[in-house]
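Here the structure is laid out as structure tokens; the discussion comes afterwards.
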Protein chains: 2
Amino acid sequence: MSGTNRRRITSKELAKLAGVSSATISRAFSPGSRIGSATRDRILAVAREYGYQPNAIARSLNNQRSRLVALVVNAIGNPCEAEEQQLLVHRLQARQLLPILLCCADHSDRLQLMRLASTYQVDHVVIFSDMVSMQDAVDIFHTTRPIIVSFEPLGNEDVSNIRIDGAVGAGEIIDKIVGDGKKRFAYLSGTKSSWIDKLRRKWFADALARHGLAFEAEAFGDYSYDSGFKEAVLLLHRSKVDVIICGNDVMAIGARDAARRVLGKNTPEDIAIVGQDGIAMAAWDCNDLTTLSLDHVAFMDAVVEVIERHEAGNEGPHSITLTCTPRWGSTA
Amino acid sequence: MSGTNRRRITSKELAKLAGVSSATISRAFSPGSRIGSATRDRILAVAREYGYQPNAIARSLNNQRSRLVALVVNAIGNPCEAEEQQLLVHRLQARQLLPILLCCADHSDRLQLMRLASTYQVDHVVIFSDMVSMQDAVDIFHTTRPIIVSFEPLGNEDVSNIRIDGAVGAGEIIDKIVGDGKKRFAYLSGTKSSWIDKLRRKWFADALARHGLAFEAEAFGDYSYDSGFKEAVLLLHRSKVDVIICGNDVMAIGARDAARRVLGKNTPEDIAIVGQDGIAMAAWDCNDLTTLSLDHVAFMDAVVEVIERHEAGNEGPHSITLTCTPRWGSTA
DNA sequence: GTCGTTTGTGTAATCGTTTGCACAACGATA
DNA sequence: TATCGTTGTGCAAACGATTACACAAACGAC
């Protein structure tokens, strides 16, 4: 009990101490197994005394279930992801599942990273990152049936996925802005290679097309505040747009700051700025961003829903679609 | 190789396919073991063909090393933690260590959560959260020798720790503000129960004392923007302070917004506001916060340094102290 | 009192690796 | 040629749990 004893006691040793077999120890710790309640109580008491807990590694080896979940994300530093990750981790913990975090953004060899995680026989995989190809993920985790958090319908029939659709919400935002008399739109992308970003852009481009409009200018950042700031400065110097649709909220805040500080333009009069994500910070008084917002709670509920179906043995694949709705702030 | 095969191939099966024993398979995958290079190449080729990778769970059971690291944090949603966590996860991944994330903030039974993680025989534990008692952590992870990220010297001699000292930096900030002619200070705490918060407050209180001053008012939030906003409103209504020192940057931004929006006060003329952490957002143009800042890179380097010493067999305990320095913004 | 069922426990195999030991083959040395 | 060290490989025993199977005791029904 005091922290001095460095070795963990095993079930066999505990068995000797309690005068039973190690099988009985195991049964004392697995609810619903045939064991006398007196024996169980005695074992649990002795176990507490000696600080025994079953070894999850050994258990996993035998069970073929690890209760580990791989979370493949771009980064945790970026608030739009962090909020969702927080919700998901909370839900997993409540189900006695432990998350192993894989951050792709700053890792040179993402496939190797995923392969490493897959050797831990994770029970579930949730892929948030758009920096890995879906097919690679499916190949590497072929024993696990991953959940792809996707923005578009997948070609692969074998994979559960959560689809996010912002077409309608983007339409409402464009309608309002056009109604306010603005016509000259720019799109500030997150990353060139990101298919999520391409899709987000398409929602707005399609909405513009219905008004006979199109993006007049394009810029590419990296989802960070700094890139939003810098690209907005360049963009506003080289073209006369009066609306910037941004790939996420953080870049939108950067663009707003750039417009105000460097160009002396105010939102929404001089320039309208729109974000995407609906992170908490967007609603802060200092930001009050107009943004195409996703209900993060519903999103993570959907992920957990799929995990639970997989756990229940119904491996699917399952698909759930969520829609985005506008949050109206003072920037557009 | 195609994703259809649901079962993973074992070393014994691969051994049969390659015409060797499973011991040889194992040796092919552990660098530095006695094996003919021709055999190794052949095995690796066959392994690639059948998609074999050694099972990390079985390996951990045998080795008594899991290469898993438990990260005990309050939350990932809060930017001040997320930035550090991002850095740490990156460094762990580079060393082929995988992080298991434990979020304490929203979990009702944190001890049970830590116990669950400890059954996975993690090789290292890093405790960032101030919501768990150090002694509990040491008891639960008694086989692991945890690293406590601490703001004060520990009583327990058996634990490696990183100590953070902001006394000098806080002194510089107070000197400057007092030099600017302000005298009436309030402290906006993160949490009542947090000992980290108590210590941060003490740095500033001590600095004030050297000027013959003390905090005139106190408020308690929860490290969130909303709590910073709300508590600042209440605080400024009930007392005439002209400086608010906040427990972290996010609350400082909330307080600044409250002062500006609800009270119509500007920083730093009407009221000075100081944060703590030095998160990236503090330097954003829209915030430009004066804050007592910690070098997050040096911080995580220190954590990894201790982990590496533990891995090398030098279990310490080790102690490293870091100091905080002011970041001068426009809010104080 | 016998039979059948239920209940509680132990024995031993299993999960997929790693690794100490034994041993054969080989080249170098005397 | 006999001896020795080196190298490459297999055998089998861990690692610490879970669980199918077997069996003894207890119980109820007749």
Side-chain angles (χ1 to χ4, degrees), chain A residues 6-44 46-47 50-68 96 115-116 118-123 143, chain B residues 6-44 46-47 50-68 96 115-116 118-123 143:
Chain A
R6 298 306 302 283
R7 217 176 61 75
R8 211 170 275 271
I9 189 176
T10 72
S11 72
K12 203 167 292 184
E13 294 169 317
L14 190 72
K16 194 151 291 174
L17 290 165
V20 294
S21 77
S22 72
T24 305
I25 301 290
S26 170
R27 286 190 267 256
F29 281 91
S30 28
S33 60
R34 292 206 325 204
I35 186 177
S37 57
T39 327
R40 156 175 289 137
D41 293 347
R42 186 161 48 88
I43 289 179
L44 291 182
V46 181
Y50 290 92
Y52 171 82
Q53 295 239 164
N55 180 324
I57 296 287
R59 188 209 296 263
S60 304
L61 179 59
N62 184 287
N63 279 349
Q64 314 276 57
R65 311 186 121 263
S66 62
R67 303 204 68 74
L68 295 173
Q96 311 267 79
R115 268 191 283 266
L116 177 61
S118 83
T119 65
Y120 283 82
Q121 321 295 101
V122 291
D123 287 351
T143 55
Chain B
R6 299 304 304 284
R7 216 176 61 75
R8 211 171 275 270
I9 189 175
T10 72
S11 71
K12 204 166 293 185
E13 294 168 318
L14 191 72
K16 195 150 294 174
L17 290 165
V20 294
S21 77
S22 71
T24 304
I25 300 292
S26 169
R27 285 190 268 255
F29 281 92
S30 28
S33 60
R34 290 207 325 204
I35 186 177
S37 57
T39 326
R40 154 174 291 138
D41 292 348
R42 185 161 47 88
I43 290 179
L44 292 183
V46 182
Y50 290 92
Y52 171 82
Q53 295 240 164
N55 180 325
I57 296 287
R59 186 209 296 263
S60 304
L61 178 59
N62 185 287
N63 279 349
Q64 313 277 56
R65 310 186 122 264
S66 62
R67 302 203 69 74
L68 294 173
Q96 311 267 80
R115 268 191 284 265
L116 177 60
S118 83
T119 66
Y120 283 83
Q121 320 297 103
V122 291
D123 287 350
T143 55

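A note on names: the letters A, B, ... follow the listed sequences, proteins ahead of strands, and every chain is numbered from 1.
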Revision key, fill the gap. Taking every heavy atom of B:Arg8 against every heavy atom of B:Glu13, the minimum-distance pair comes out as O-OE1, 4.2 Å

Revision key, fill the gap. Taken to the nearest whole Å, CZ/B:Arg65 to C1'/C:dT19 is 16 Å

Review point. Heavy atoms under 4.0 Å, any strand shown: does A:Tyr52 hit a base, just sugar-phosphate, or nothing?
Key: sugar-phosphate

Practice item. Would you indicate what A:Thr10 reaches in the nucleic acid, counting non-hydrogen atoms under 4.0 angstrom: base, sugar-phosphate, or nothing? Key: sugar-phosphate

**Study point:** Nearest-angstrom distance from the residue atom CD1 of B:Ile43 to C1' of D:dT9
**Key:** 10 Å

Point to revise | Length of the CZ-C1' vector between A:Arg67 and D:dA17, whole Å | key: 16 Å

Review point. Which residues, if any, of residues 11-18 of chain A bring a heavy atom under 4.0 Å of DNA chain C?
Key: none

Review point. Given D:dT18, is OP1 or OP2 found less than 4.0 Å from the side-chain N or O atoms of A:Gln64?
Key: no

Check your understanding: Which parts of nucleotides 4-14 of chain C does protein reach within less than 4.0 Å, heavy atoms only, written one letter per nucleotide 5' to 3' as B for base, S for sugar-phosphate only and - for none?
Key -> ---BBBBB--B

Exercise for review: Measure from CG on B:Leu61 to C1' on D:dA13 and round the result to the nearest Å.
Suggested key: 13 Å

Revision key, fill the gap. In short, B:Ala28 meets B:Ile43 closest at the heavy-atom pair CB-CG2, 3.7 Å

Point to revise | Nearest heavy-atom neighbours spanning A:Tyr120 and A:Leu68 | key: O-CD1, 4.1 Å

Exercise for review: Grab the CD1-C1' distance between A:Ile57 and D:dG16 for me, whole Å please.
Suggested key: 11 Å

Revision key, fill the gap. dist B:Gln121:CD -> B:Ser60:OG (nearest 0.5 Å) comes out at 9.0 Å

**Study point:** Length of the CZ-C1' vector between B:Arg59 and D:dA14, whole Å
**Key:** 17 Å

Check your understanding: Would you say the side-chain atoms of B:Arg67 pair up with the backbone N or O of B:Gln96, donor to acceptor, closer than 3.5 Å?
Key -> yes

**Study point:** Whole-Å distance separating the CD1 atom of A:Ile9 from the C1' atom of D:dA17
**Key:** 14 Å

Point to revise | Nucleotide C:dT18, atom P - distance to CD1 of B:Ile25 in whole Å | key: 10 Å

Check your understanding: How close do B:Arg65 and B:Asp123 get, heavy atom to heavy atom, and via which atoms?
Key -> CA-OD1, 3.5 Å

Review point. Taking the side chain as C-beta and beyond, is there a heavy-atom pair between B:Ile25 and B:Tyr52 under 4.5 Å?
Key: yes

Check your understanding: Where the side chain of A:Arg42 meets the backbone of A:Ala18, is there a donor-acceptor pair that is under 3.5 Å apart?
Key -> yes

Point to revise | OG1 on A:Thr24 to CG on A:Leu14, rounded to 0.5 Å | key: 11.0 Å

